[in-house]
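Inspection log for the structure reproduced underneath, given as structure tokens.
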Amino acid sequence: QVQLVESGGGLVQAGGSLRLSCAASGSIVSINVMGWYRQAPGKQRELVAAITRGGSTTNYADSVKGRFTISRDKAKNTVYLQMNSLKPEDTAVYYCNADAVDVSSPRSYNHWGQGTQVTVSS
């Protein structure tokens, strides 16, 4: 199995910064695209940022462009989300996602972390 564990969430004042980390572990064969999603109360889960296996291509939600940066360390099976200039509307539970292959199957499946709370006060 593949496990994803997020860390780095917390309470921050508007304009502040946080850095989220997601470490993958378990019976991993390979990891393809990794990304971050978020879900605020009463809203649908939405994609925040994604990064390809090689790290050369990234994608961001329009609402976070210019403020958030996604990166990954393939050797450590870890993806990061640097969040700057945080706004109250960024408040949500942030979830790590990975398209990964484990020893149980020859194809990849999506895997999700447990989520980490980010709260931005005004």
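What you see below is based on every heavy atom in this structure, not just the backbone, and it leaves out hydrogens, waters and symmetry mates. Sequential numbering from 1 along the given sequence is applied to the chain's residues.
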Subject >> Derivation and outcome, side-chain contact (heavy atoms from CB on, under 4.5 Å), residues Met83 and Val12 >> reply: CA-CA 11 Å; Met83 305 185 294; Val12 65; over 6 Å; no
Subject >> Shared hydrophobic cluster, Leu86 / Val64 (ILVMFWY, side-chain heavy atoms < 4.5 Å) >> reply: yes
Subject >> Donor-acceptor contact present, side-chain Glu6 to main-chain Gln114, <3.5 Å >> reply: yes
**OP:** Could you tell me whether a side-chain N or O of Thr91 sits under 3.5 Å from a main-chain N or O of Val120, the two making a donor and an acceptor?
**Re:** yes
Original post:
Side-chain contact, heavy-atom cut-off 4.5 Å: Val101 with Tyr109?
Top reply: no
Subject >> Where at least one partner belongs to residues 49-63, residue pairs that pass salt bridge (charged side-chain N to carboxylate O under 4.0 Å, His left out), sequence neighbours excluded >> reply: Asp62-Lys65
Original post:
Just by distance, do the side chain of Arg72 and the backbone of Gly54 share a donor-acceptor pair under 3.5 Å?
Top reply: no
**OP:** Measure the spacing between CG of Leu81 and CZ of Arg38 and express it to the nearest 0.5 Å.
**Re:** 9.5 Å
**OP:** Only one of Leu20, Asp73, Ile70 passes side-chain contact (heavy atoms from CB on, under 4.5 Å) with Tyr80; say which it is.
**Re:** Asp73
**OP:** Walk me through it: do Thr119 and Gln117 pass the test side-chain hydrogen bond (donor to acceptor under 3.5 Å, both in side chains)?
**Re:** CA-CA 6 Å; Thr119 302; Gln117 177 71 46; 3.3 Å; yes
Subject >> Gap separating the OG1 atom of Thr116 from the CH2 atom of Trp36, nearest 0.5 angstrom >> reply: 7.5 Å
Subject >> Parallel, tilted or perpendicular: ring planes of Phe68 versus Tyr94, cut at 30 and 60 degrees >> reply: tilted
**OP:** Quick one: pull up OG in Ser108 and CG in Asp99 and give me the separation to the nearest 0.5 Å.
**Re:** 3.5 Å
Original post:
Can you tell me how far the CG atom of Asn84 sits from the OG1 atom of Thr69, to the nearest 0.5 Å?
Top reply: 6.5 Å
Original post:
Between Gln82 and Ser17, what is the shortest heavy-atom contact and its length?
Top reply: NE2-CB, 4.1 Å
Original post:
If two hydrophobic side chains count as joined below 4.5 Å and joins carry through other members, does Val2 share a cluster with Tyr37?
Top reply: no
Subject >> Nearest heavy-atom neighbours spanning Ala14 and Ser122 >> reply: CB-CA, 4.5 Å
Original post:
Closest heavy-atom contact between Thr52 and Ser56?
Top reply: OG1-N, 3.8 Å
Original post:
How many angstroms lie between CG in Leu4 and CD1 in Ile31, if you round to the nearest 0.5 Å?
Top reply: 7.5 Å
Original post:
Can you check whether Asp102 reaches Ile28 side chain to side chain, under 4.5 Å on heavy atoms?
Top reply: no
Original post:
Is Val93 reachable from Trp112 through a run of I, L, V, M, F, W or Y residues, each pair having side-chain heavy atoms under 4.5 Å apart?
Top reply: yes
Subject >> Residue that, paired with Cys22, satisfies side-chain contact (heavy atoms from CB on, under 4.5 Å) out of Asn77, Asn97, Val79 >> reply: Val79
Original post:
Can you name the nearest heavy-atom pair linking Tyr60 to Ala49, along with the distance?
Top reply: CD2-CB, 3.6 Å
Original post:
When rounded to the nearest 0.5 angstrom, what is the spacing between CD in Gln1 and OG in Ser27?
Top reply: 6.5 Å
**OP:** Spell out, as yes or no, whether a donor-acceptor pair under 3.5 Å connects the side chain of Thr78 to the backbone of Lys76.
**Re:** yes
Original post:
Taking the side chain as C-beta and beyond, is there a heavy-atom pair between Lys87 and Arg67 under 4.5 Å?
Top reply: yes
Original post:
Has Arg45 got its NZ or CZ under 6.0 Å from the middle of the six-membered ring of Tyr95, at an angle within 45 degrees of the ring axis?
Top reply: yes
